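First comes the structure, then the notes that go with it.
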There are 2 protein chains.
Amino acid sequence: MTDSNKQEDQIFDLIYRLNLQLSPKFERCTGISPSRLSILHQLFEVDEVSQTSLQKEVNIDSAAITRHLKQLEASGMVQRRNDPTDNRFTLVRLTDQGRSEIAAYKKEKQQFVAQLLQDFNEQERSDFHDMLRRMLDNLQHY
Amino acid sequence: MTDSNKQEDQIFDLIYRLNLQLSPKFERCTGISPSRLSILHQLFEVDEVSQTSLQKEVNIDSAAITRHLKQLEASGMVQRRNDPTDNRFTLVRLTDQGRSEIAAYKKEKQQFVAQLLQDFNEQERSDFHDMLRRMLDNLQHY
DNA sequence: TTATATTAATTGATGGGTCAACTATTGAGC
DNA sequence: GCTCAATAGTTGACCCATCAATTAATATAA
């Protein structure tokens with residue numbers, strides 16, 4: 001195993017450890033899972049969308065979307081109705097309650113993320129963003 | 001929301017998308033999950049270790065370790081026995097079969113990781129490693 | 001020594017993700 | 001108009017992680 005391979009391996013291990021720790025800590029901190037908050041965030045930006053377009057934005061399976069929405073609906077954050085122009089679609093929107101509750105979550109998330117990047121300067125943030133973007137692109141080939 | 005906050009948010013979203021896609025794609029590519037390969041990798045380095053020290057290296061729950069080892073044992077990759085000097089411990093080691101099979105997995109992983117970092121030059125790899133390290137450290141505060 | 005704390009491992013409950021199979025609706029081509 | 005393909009959503013089976021509770025063994029301290 002070459003030195004270069006070792007370094008690649010180390011980078012992968014760091015990413016994977018981040019991978020393991022990020023979601024649980026995010027949720028303990030903010031009170032909501034990253035994917036679920038992402039769903040709410042998307043809904044906050046638009047008025048009403050289908051589950052499919054939600055699924056594309058949030059990057060999880062449509063089955064996972066269905067289950068999240070089922071719980072969000074049960075907790076009164078979200079409403080769903082059939083699209084009258086095409087009955088295959090289900091249209092989703094935030095309730096007023098949902099729209100007001102989301103603010104607190106977004107604030108918690110902001111603090112959490114700020115902590116993660118606390119010692120990164122402007123240049124580093126920009127570089128980091130760029131490298132993550134490229135890595136994600138490389139991952140798309142699979 | 002300030003521009004700075006937006007950038008932090010974007011970085012988080014990239015990491016989280018990486019987070020979501022990494023494990024499934026790794027497993028499709030290599031034929032084994034990252035954590036399970038990590039367990040095998042640790043066992044490859046040493047002769048025989050307790051589950052607890054394995055757990056610390058791999059950074060997953062001891063319950064998860066138990067379940068992985070149960071399956072690895074069933075598939076003949078791994079052997080377990082009680083520590084004769086302290087019966088609380090279970091000592092784990094690779095079988096000969098396990099030791100020979102692991103080589104193929106490591107090779108697959110190496111290719112996968114090389115692809116992820118294909119367009120990163122030396123400096124970028126070093127910087128990236130450094131920033132991931134710092135981010136992981138920041139995460140430890142939670 | 002005997003009661004109490006600590007430690008290792010296991011198990012069950014839960015949550016979040018994937019994939020594959022299925023239903024229902026709509027679109028397209030003959 | 002009818003058949004066949006494509007699309008949206010749901011459900012079930014599975015995998016992998018966490019946490020909490022339990023069991024068993026050992027260490028500690030009165």
Side-chain angles (χ1 to χ4, degrees), chain A residues 16-40 48-75 78-92 139 142, chain B residues 16-40 48-75 78-92 139 142:
Chain A
Y16 188 62
R17 285 168 61 186
L18 216 51
N19 192 340
L20 284 175
Q21 298 183 25
L22 200 61
S23 293
K25 292 193 174 178
F26 181 96
E27 184 158 0
R28 269 200 298 278
C29 245
T30 63
I32 194 170
S33 80
S35 288
R36 191 164 296 183
L37 183 52
S38 177
I39 290 174
L40 293 177
E48 196 174 35
V49 304
S50 71
Q51 297 190 190
T52 300
S53 38
L54 211 46
Q55 179 254 310
K56 278 167 194 148
E57 293 290 337
V58 179
N59 282 298
I60 56 177
D61 199 71
S62 63
I65 291 284
T66 293
R67 285 164 187 138
H68 277 296
L69 289 176
K70 199 182 287 181
Q71 290 194 251
L72 286 170
E73 194 175 32
S75 70
V78 142
Q79 279 179 340
R80 292 193 292 172
R81 67 184 182 106
N82 288 336
D83 185 338
T85 75
D86 185 339
N87 269 292
R88 286 173 301 182
F89 289 85
T90 301
L91 298 176
V92 192
L139 196 54
Y142 292 107
Chain B
Y16 188 61
R17 285 168 62 185
L18 217 51
N19 192 339
L20 284 175
Q21 297 183 26
L22 201 61
S23 293
K25 293 192 174 179
F26 181 96
E27 184 158 359
R28 268 200 299 279
C29 245
T30 63
I32 194 171
S33 80
S35 288
R36 190 163 297 184
L37 182 52
S38 177
I39 290 174
L40 293 178
E48 196 175 35
V49 297
S50 72
Q51 296 189 189
T52 300
S53 38
L54 212 45
Q55 179 254 311
K56 278 167 193 148
E57 292 290 336
V58 179
N59 283 296
I60 56 177
D61 199 71
S62 63
I65 291 283
T66 293
R67 286 166 185 136
H68 277 297
L69 289 176
K70 198 182 287 180
Q71 289 194 253
L72 286 169
E73 195 174 30
S75 70
V78 142
Q79 279 179 340
R80 292 194 292 172
R81 67 185 182 107
N82 289 336
D83 185 338
T85 74
D86 185 340
N87 270 292
R88 287 172 300 181
F89 289 86
T90 301
L91 299 176
V92 192
L139 195 54
Y142 291 107

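Not measured: the values here are computed from a predicted model. Proteins get letters first, then strands, A, B, ... in listed order; numbering begins at 1 in each.
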Interatomic distance where [atom1] belongs to [X] and [atom2] belongs to [N] [whole Å]:
| X | N | atom1 | atom2 | answer |
| --- | --- | --- | --- | --- |
| A:D86 | D:dG9 | CG | P | 9 Å |
| B:N59 | D:dC16 | CG | P | 17 Å |
| B:L18 | C:dG17 | CG | P | 16 Å |
| B:N87 | D:dT23 | CG | P | 18 Å |
| B:H68 | D:dC16 | NE2 | C1' | 6 Å |
| B:Q71 | D:dA17 | CD | C1' | 14 Å |
| B:N82 | D:dT26 | CG | C1' | 14 Å |

Where is the tightest heavy-atom contact between [X] and [Y], given as atom of each residue plus distance?
| X | Y | value |
| --- | --- | --- |
| B:Q55 | B:I60 | CG-O, 2.9 Å |
| B:V58 | B:S35 | CG1-O, 4.0 Å |
| B:P84 | B:R81 | CD-NH1, 3.7 Å |

>> Could you check whether A:R36 pairs with A:E27 (Lys NZ or Arg NE/NH1/NH2 to Asp/Glu carboxylate O, under 4.0 Å)?
In response: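 Result for this pair is no, no salt bridge flagged.
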> Which residue pairs satisfy the ring pair (Phe, Tyr, Trp, His ring centres under 6.0 Å) criterion with at least one member in residues 17-37 of chain A, sequence neighbours excluded?
Replying inline: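 Those involving residues 17-37 of chain A are A:F26-A:F112, A:F26-B:F12.
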> What distance do B:K25 atom NZ and B:L18 atom CG have between them, rounded to the nearest 0.5 Å?
Replying inline: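 Answer for the NZ-CG pair, B:K25 versus B:L18, is 10.0 Å.
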> Would you say C:dG16 has OP1 or OP2 under 4.0 Å from some side-chain N or O of B:Y16?
Replying inline: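 Checking B:Y16 against C:dG16: no side-chain N or O falls below 4.0 Å of OP1 or OP2.
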> Yes or no on side chain to side chain contact (heavy atoms under 4.5 Å, CB included) for B:L40 and B:I32, after CA distance, side-chain angles and deciding distance?
Replying inline: CA-CA 10 Å; B:L40 293 178; B:I32 194 171; 3.7 Å; yes
>> Counting C-beta onward and ignoring hydrogens, is there a side-chain heavy-atom pair between A:T90 and A:N82 closer than 4.5 Å?
In response: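 Yes, their side chains come closer than 4.5 Å.
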> Between A:V49 and A:E57, is any pair of side-chain heavy atoms under 4.5 Å apart?
Replying inline: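 They are not in side-chain contact.
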>> I need the residues from residues 19-32 of chain A with at least one non-hydrogen atom less than 4.0 Å from DNA chain D; give them sorted by number, or say none.
In response: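 Those residues whose heavy atoms fall under 4.0 Å from DNA chain D, taken from residues 19-32 of chain A in numerical order, are A:L20, A:R28.
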> In the 5'-to-3' direction, what one-character label does each nucleotide of nucleotides 5-13 of chain C receive under the scheme B = base within less than 4.0 Å of a protein heavy atom, S = sugar-phosphate only, - = no such atom?
Replying inline: -BBSSBBBB
